[in-house]
Amino acid sequence: MADTAVTTNPGGAPVSPGDDPSRRDFINIAAAVAAVGGVAAVAWPFIDQMNPSSDTLALASIEFDLSKVQLGQQVVVKWRGKPVFVRYRTPKEIAEAVHDDHADLRDPATDAERHKPGKPQWLILIGVCTHLGCVPTFGQGDYGGWFCPCHGSVYDTAGRIRKGPAPKNLYLPDYSFLSDTKVKIG
Amino acid sequence: MSGHSTYEPKTAIERWLDTRLPIVRFGVDLMDFPTPKNLNYWWTFGGILAFCLVVQIVTGVILAMHYTATADGAFNSVEHIMRDVNYGWLIRFIHANGASMFFLAVYVHMFRGIYYGSYKAPREVLWLLGVIIYLLMMATAFMGYVLPWGQMSFWGATVITNIIGSLPVVGPSITTWLWGGFAVGDPTLNRFFSLHYLLPFMIAGVVVLHIWALHVPGNNNPTGVNVKSKADTVPFHPYYTVKDGFGIAVFVLLFATFVFFNPDGMGHPDNYTPANPLVTPSHIVPEWYFLPFYAMLRAVPNKLMGVLTMFGSIGMLFILPWLDTSRVRSMRYRPQAKWFFAVFVVACLILGVCGGHEPDDLWLPSAGGFTLWDSDLFSYTWVARVFALYYFAYFLVITPLLGLLEQPLPMPESISTPVLSHPATVPAGAAASPEKKG
């Protein structure tokens, strides 16, 4: 610095002729903004790589043959790594669920909203407790639906939360009937 | 770091190295570090923890040579380590029990810090770095427990990652991001293995900062009184290398007792069943060192509030240095604080017991039947609520108020001149400089 001609103002900051402070500020701010944007653009691939990969997403739907399920029985199928309950409900279980449509429900839903129109016997639910993700046990608990062994959540025969810490009803997967005996889940 | 150096290079090669990389000087100064001469055995746990970290890294690197981080291969590779790899059973049992030993030592170390006020000025940064190490330890231990891919591994991972899913709006996306799928699975196991290998080295990095932050103000000591002169200190080596060494030897006895006589005592039998995503074990419990936090999570009926309570309980540790209003560091001179502290330790232990039981279990089976609000008055849920309340009150109410209200006992002027009501009971020469005794 000794051999360059730099004059100093009383505050001590170097001032050279033709150096416009506001222009300098603009360049500094613009450079900082460009750097932050660049870092964010580079960071995103490193964050997004942890999201589900293409082959995981490709396994998103399965078909299931309902004729394998007997009346009053439940079959558990694996869909996207999670259990899906396919339950062939008895008329008594359907009647109980409909009867409780107007009970004091934590996550209000009617039984009709829990199955496809005209198919009340087929209840298809994601078998994951909405509390912390355990698999509830079939046919147990006060309402004859499911009971979660982890923290004691009780679901009724429409998969609605009735007791315990879970905040929501058992979730419904996306599914459609391909025929009377075949469903496509996902 | 201590500001003065006693190192004098003796040979030409030492002088040559000292002007280029003064690493020998660094080591000599580290060993020569002036340390309060009255440190008791509670202070050996720092050395014990360093020992634990080394044991975990050495055994962990070896286990990684034989382990397979895939959902199909993980459980079998752990059994391969146990049955086929030469001494694999020993190395795995040291690693698995080593995690428990590590937490045992860190809890003693933390309680010691609270009792003797080691978090108070000028050691707040030292304390905060310690809490960060503790958080990193919890993350490492959690991910390590997932790796054997047994039932408890899988469902523990499911429950804990679902906890994050309870955050409003962003929760479910974060859970999917952590899983790399729609449930705990192969991608989850693989990334947990990667991070489980990484985090111990991050812990080692923060330990370096922790020791650096220790060497700026120097050690606290059981009286909590600042070091006043050289007469209050002894060099770290040989005085505390030997004392820490003895502490480590006793600790290894306990460690070896578990490894050789009860290696699965702190594990869970369900983890010897391969992970099954379709069946949840009837009773999911975390490892013992997480039980107090698990109890607090379940004590709150609302899911999100439970999660916030659990994180808040660790958050308390971060703000502790600024909650304490007392100017007296050591509870040795705080007649009331030591009793509240004793109850705090008991509260943590009872919360641990609650975390290991089903919330609806009764602790006094004959007394059940009286329901208060949503649970039986004699259930573990209510025990957990009472002691969780005390846990938070200890930090947020008792610690700030007691510092203002309590009348502390008279404190010694310095470490070398303790307050003695009966000076005659002290043998002559006890306060003499111990360096001179050889």
Side-chain angles (χ1 to χ4, degrees), chain A residues 44 46-62 74-86 106-107 126-138 140-142 146-154 161 163-168 171 173-174 185-186, chain B residues 71 151 154-166 168 171-188 190-192 194-195 275-285 294 297-307 358-361 374-375 379 381:
Chain A
W44 178 244
F46 288 85
I47 295 167
D48 192 41
Q49 50 82 22
M50 277 175 65
N51 274 317
S53 55
S54 304
D55 58 336
T56 305
L57 292 171
L59 295 170
S61 72
I62 52 165
Q74 164 186 285
V75 167
V76 182
V77 288
K78 203 164 140 189
W79 172 67
R80 289 177 157 188
K82 289 179 185 178
V84 168
F85 296 158
V86 180
R106 185 176 303 165
D107 183 11
I126 294 178
V128 172
C129 180
T130 57
H131 182 226
L132 292 174
C134 300
V135 181
T137 322
F138 169 73
Q140 291 184 11
D142 297 347
W146 290 269
F147 173 77
C148 181
C150 292
H151 305 99
S153 294
V154 177
I161 178 67
K163 231 172 94 177
K168 296 278 182 192
Y171 293 115
D174 286 331
I185 301 170
Chain B
Q151 274 291 67
F154 182 90
W155 291 100
T158 299
V159 167
I160 299 297
T161 48
N162 269 298
I163 284 175
I164 298 155
S166 69
S173 325
I174 293 180
T175 326
T176 306
W177 178 74
L178 282 175
W179 288 338
F182 302 101
V184 172
D186 220 10
T188 325
N190 229 309
R191 64 190 55 180
F192 277 17
S194 168
L195 295 173
N276 181 353
L278 300 184
V279 179
T280 306
S282 59
H283 187 194
I284 298 182
V285 279
Y294 195 55
L297 167 76
R298 297 189 304 183
V300 183
N302 178 291
K303 181 173 156 183
L304 177 61
M305 291 310 292
V307 172
E358 298 277 1
D360 291 336
D361 284 354
D374 61 346
S375 307
S379 66
T381 302

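Chain naming here is simple, since letters A, B, ... match the order of the sequence lines and numbering starts at 1 in each.
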*Below 4.5 Å from any heavy atom of chain A, which atoms of B:Trp155 appear? Answer side chain, backbone, both or neither.*
side chain
*Please look at B:Leu297 and chain A and tell me whether the side chain, the backbone, both or neither of the residue comes under 4.5 angstrom of a heavy atom of that chain.*
side chain
*asked:* Just so I understand: if I count every heavy-atom pair under 4.5 Å between each of B:Thr280, B:Leu178, B:Ile160, B:Thr176 and chain A, which residue has the most?
replied: B:Thr280
Minimum heavy-atom separation for [X] to [Y], with atom names?
X: B:Pro281; Y: A:Pro149; value: O-CG, 4.1 Å
X: B:Leu278; Y: A:Val135; value: O-CG1, 3.7 Å
X: A:Met50; Y: B:Arg191; value: O-NH1, 2.9 Å

_Tell me whether A:Asp174 at atom CG has more than 12 heavy atoms from other residues, nucleotides or ligands lying less than 6.0 Å away._
no
*Quick one: what part of A:Thr137 sits under 4.5 Å from any heavy atom of chain B, side chain, backbone, both or neither?*
neither
_Among A:Thr56, A:Asp48, A:Asn51, which residue has the highest count of heavy-atom pairs closer than 4.5 Å to chain B?_
A:Asn51
*Hey, which of A:Pro83, A:Gly81, A:Gly164, A:Gly133 has the most heavy atom pairs under 4.5 Å with chain B?*
A:Gly133
_Any residue meeting salt bridge (Lys or Arg N to Asp or Glu O under 4.0 Å) with A:Asp142, in chain and number order, not counting sequence neighbours_ = A:Lys163
*Option passing side-chain contact (heavy atoms from CB on, under 4.5 Å) with A:Leu132 (candidates B:Thr158, B:Ile163, B:Ile284)*: B:Ile163
